[in-house]
Amino acid sequence: MIETPHIKCNKEDISDVVLMPGDPLRAKFIAETYLDDYKLVNDVRNMLAYTGYYKGKKITIFSSGMGMASMGIYCYELYKFFDVKYIIRIGSCGSINKEIKLLDTILSTSSYTETNFSYTYSSKNINEVESSKYLNNIILNKDSKIKKGKTACSMVFDAYIENKDDYNTRLPKDIIASEMEAFALFYIAKLLNKEASCLLTVSDSLYDNKKISSIERQINLKHMIEIALETCLEVE
Ligand code: HPA
């Protein structure tokens with residue numbers, strides 16, 4: 001049994017391939033819907049994690065919580081203490097680009113942040129980090145409609161930013177969507193020589209106030225989850 005400050009489980013109960021949704025109940029849903037012989041392997045702080053088999057491949061679904069701080073804790077401990085090699089975040093994002101529509105599936109090829117995460121972490125001023133080309137190649141082969149590009153990673157939920165225009169003006173112009181965890185994941189993966197990527201579905205948009213039905217959202221999420229699971233089958 002390994003006990004880190006935030007994870008308590010047997011090392012062999014964590015696969016070297018991990019999918020990370022933000023929401024613990026989504027981790028439960030994915031395990032119940034897609035995995036055979038799954039079991040709950042972590043419940044410290046209710047950050048639920050399940051390990052089971054997808055088409056015979058051992059996979060762990062580990063929730064990350066929200067924000068870089070939470071993601072940073074869990075991905076660090078998984079890579080460092082549980083010998084995880086591959087993590088794919090599966091989450092939601094806001095579109096800040098007219099071409100990126102509600103319910104699109106996005107692959108984050110790099111994450112930009114104006115925060116000082118890298119400075120605190122390793123005394124470096126780095127604001128952009130790429131995801132794993134190895135994982136991205138596998139992912140992109142699964143669905144030609146995935147839109148790929150640079151995403152922004154913030155410490156404040158978009159809708160709550162006081163001066164949204166200022167923020168958007170400061171961001172690089174080629175950013176397609178905004179979320180809150182990918183930079184921490186990609187940065188830590190890079191420092192530890194591991195692989196990380198991030199698939200997102202667009203749940204809100206600067207350019208479209210339309211409410212999406214829960215059915216539409218569910219279908220779309222399932223599509224993203226299935227791409228991530230199928231990708232796990234191909235990593236070695
Ligand atoms: N910003 C950050 N994270 C998100 C958003 C957003 O607009 N939508 C879904 N996750």
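Whatever order the structure lists them in is the order used to number ligands and atoms, beginning at 1.
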Nitrogen or oxygen of Asp204 less than 3.5 angstrom from that of ligand 1: yes

Geometric N/O contact Ser154 with ligand 1, under 3.5 angstrom: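 No, Ser154 has no N/O under 3.5 Å of an N/O on ligand 1.
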
Under 3.5 Å: donor-acceptor pair, side chain of Asn10, backbone of Glu12: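 Looks like no, no N/O pair under 3.5 Å.
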
Any donor-acceptor pair under 3.5 Å from Ser144 side chain to Leu140 backbone: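 The answer is no, because no donor-acceptor pair under 3.5 Å joins these two groups.
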
For atom 3 (N) of ligand 1, the protein heavy atom that lies nearest, with its residue and separation: Glu179 CA, 3.5 Å

Per-residue contact class, Cys93 against ligand 1 - non-hydrogen pairs under 4.0 Å: backbone

Enumerated ligand 1 atoms positioned under 4.0 Å from heavy atoms of Ser203: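 In order of number, 8 (N), 9 (C).
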
Ser92: numbered ligand 1 atoms lying under 4.0 Å from its heavy atoms: 9 (C), 10 (N)

Nearest non-hydrogen partners of Leu25 and Asp23, listed with the distance: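 Heavy atoms only, the tightest pair is N-OD1, 2.8 Å.
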
Single-linkage hydrophobic cluster Ile188~Met47, side-chain heavy atoms < 4.5 angstrom: yes

Aromatic ring pairing Tyr121/Tyr187, orientation class (parallel under 30°, perpendicular over 60°, tilted between):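 Because their plane-to-plane angle is over 60°, the rings of Tyr121 and Tyr187 count as perpendicular.
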
